[in-house]
Amino acid sequence: MSKLIVAVTGGIGSGKTAVSDRFSNLGVDVIDLDTASRAIVEPGSQALKEIICRFGDGMIGVDGRLDRKALRQLVFDKPAERRWLEKLTHPLINEWTLRQLHSVRSKYAMVVNPLLRARGGYVNRVLVVDVPVEVQIKRTMERDMVARKEAQAIVNSQLDRTDRLALADDVIANEGSLIMLDPKVRTLHKRYVDIANA
């Protein structure tokens, strides 16, 4: 793929959506893997049928859609089940993402990938949205209405902050107010446009 592709990643509560929304407002095509993970398990999809077959009807909400929270709780501390789920969903998410990338119209595209663990594939640059772990925990507790222990467990299950920063070409520190993101995003947008035009 000849177009510049920037992956946006960061731990839970880091503000990936706030950052990617600002790039979108500047006219950048943004592809969110969270959207992909929902699209591949729409009612009637083969992936949803396989999840029900393995884990039962309790995984379906009253609206007929996958109860993602129930599934997450079920596989969270069961590595074998989590691996099975990843083996099922990751190839489908990749296919969905590549289809979206082929229809990109902006100078460059962004892919929001909270679970990015390595460089490579279709990604040319990695942008890490970074906050201290304590900020992640507090934001997760407030946003998801969970106890500190659960927020800490989610943070602990993700890539370590040091390892995530080691992947970065660019970093946006997001400890302050959301308005402080605007100049940081504009600066990076100009850099990415320059790279895309080179």
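Values in this document were obtained by computation on a predicted structure and should not be read as measured data.
When atom types are taken as modelled, the side chain of K16 and the backbone of G10 share a donor-acceptor pair closer than 3.5 angstrom.
A salt bridge links D34 with R38: at least one charged nitrogen is closer than 4.0 Å to a carboxylate oxygen. Salt-bridge annotation for R22 and D182: present, with a side-chain N of the basic residue lying under 4.0 Å from a carboxylate O of the acidic one. For D170 and K184, the salt-bridge test fails: no basic side-chain N is under 4.0 Å from an acidic carboxylate O. Salt-bridge check for R139 with E134: failed, with every basic side-chain N at 4.0 Å or more from each acidic carboxylate O.
Both W84 and V41 sit in one connected hydrophobic cluster of ILVMFWY residues. Membership requires side-chain heavy atoms under 4.5 Å apart, directly or through other members.
Side-chain contact check for V112 versus V30: some heavy-atom pair is nearer than 4.5 Å. The shortest distance between side-chain heavy atoms of D67 and I60 does not fall below 4.5 Å.
For the side chain to side chain donor-acceptor pair (under 3.5 Å) test, residues two or more places apart in sequence or in another chain that qualify with D194 are K190. Applying the side chain to side chain donor-acceptor pair (under 3.5 Å) rule to R117 yields no partners; only residues at least two apart in sequence or on another chain are considered.
In this structure, CD1 in I40 is found 4.5 Å from CD1 in I93, a value given to the nearest 0.5 Å.
Ring to ring, H189 and Y108 are close: their centroids are under 6.0 angstrom apart.
When each of R72, K87, R54 is tested with E81 by the rule salt bridge (charged side-chain N to carboxylate O under 4.0 Å, His left out), just one qualifies, namely R54.
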